[in-house]
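None of the values given here were measured: they were computed from a predicted structure.
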Amino acid sequence: MMSIKLPDAMQGADYVVIDGIMFETAYLREPDEFTVADDILLELRSGDTELAFTQADLEGAERLDDGVYRLATGRLVHFLTSATIH
């Protein structure tokens, strides 16, 4: 399991902003005790661009603010629900 509350931020996220680019959540899986490193937890879509993140990609993310995390790769990730988009 992840050592931070990233699963809580992911829960119910309709959109994810990665390095300033907004993506729509296509697939979201909350990690559990059976999740392994190569399990896909998050699939995102923006136009023709599709991204997928595994448990290993999200492991070790640093919480910066509510719903905002810096991944080990340096990418800045912000989880949003429809109600928070202005």
Side-chain angles (χ1 to χ4, degrees):
M1 293 295 294
M2 294 180 202
S3 60
I4 58 174
K5 301 277 185 190
L6 183 59
D8 292 338
M10 289 172 48
Q11 184 177 13
D14 299 307
Y15 301 93
V16 180
V17 178
I18 299 179
D19 295 333
I21 300 170
M22 185 170 298
F23 292 84
E24 184 176 2
T25 303
Y27 173 78
L28 182 93
R29 174 184 171 200
E30 292 184 46
D32 57 28
E33 65 271 11
F34 304 109
T35 304
V36 296
D38 62 348
D39 284 344
I40 294 177
L41 299 185
L42 187 61
E43 290 182 352
L44 306 171
R45 185 177 314 141
S46 179
D48 293 335
T49 304
E50 294 183 0
L51 301 176
F53 292 90
T54 63
Q55 167 74 14
D57 294 328
L58 300 177
E59 189 70 40
E62 173 188 7
R63 182 180 182 270
L64 303 177
D65 200 356
D66 287 340
V68 181
Y69 294 83
R70 182 169 314 280
L71 302 183
T73 61
R75 289 183 127 168
L76 189 63
V77 178
H78 189 177
F79 296 94
L80 302 167
T81 62
S82 295
T84 60
I85 294 181
H86 300 277

Is there a continuous path of hydrophobic side-chain contacts, each under 4.5 Å between heavy atoms, that joins [X] to [Y]?
X	Y	result
Leu64	Leu6	no
Ile18	Leu41	yes
Leu71	Leu28	yes

Quick check: closest heavy atoms across [X] and [Y], and the distance to 0.1 Å?
X	Y	answer
Glu30	Gln11	OE2-CG, 3.4 Å
Ile21	Ser46	CG2-OG, 4.5 Å
Leu76	Arg70	CD1-NH2, 4.1 Å
Phe79	Ala9	CB-O, 3.4 Å

*Remaining members of the apolar cluster that contains Val36, side-chain heavy atoms under 4.5 Å*: none

For [X], check salt bridge (charged side-chain N to carboxylate O under 4.0 Å, His left out) against everything at least two apart and list the hits.
X	value
Asp48	none
Asp19	Arg75
Asp8	none

*Interatomic distance, Asp39 atom CG to Thr54 atom OG1 [nearest 0.5 angstrom]*: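 Between Asp39 CG and Thr54 OG1, I get 8.5 Å after rounding to 0.5 Å.
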
*How many angstroms lie between atom OH of Tyr15 and atom CG of Leu44, to the nearest 0.5 angstrom?*
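Nearest 0.5 Å value for the OH-CG distance: 12.5 Å.
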
_Residues that Arg45 engages under side-chain contact (heavy atoms from CB on, under 4.5 Å), provided they are two or more places apart_ = Ala26, Glu50

_Ala52: partners by side-chain contact (heavy atoms from CB on, under 4.5 Å), with sequence neighbours left out_ =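 Only Ile40, Glu43 meet the side-chain contact (heavy atoms from CB on, under 4.5 Å) criterion with Ala52.
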
*Going by heavy atoms in the side chains, are Phe23 and Leu51 under 4.5 Å from each other?*
yes

*Find out whether Val17 and Val77 are in side-chain contact, i.e. whether some heavy atom of one side chain is under 4.5 Å from a heavy atom of the other.*
no

_Residues Asp14, Thr81; criterion side-chain hydrogen bond (donor to acceptor under 3.5 Å, both in side chains); working and verdict_ = CA-CA 5 Å; Asp14 299 307; Thr81 62; 5.0 Å; no

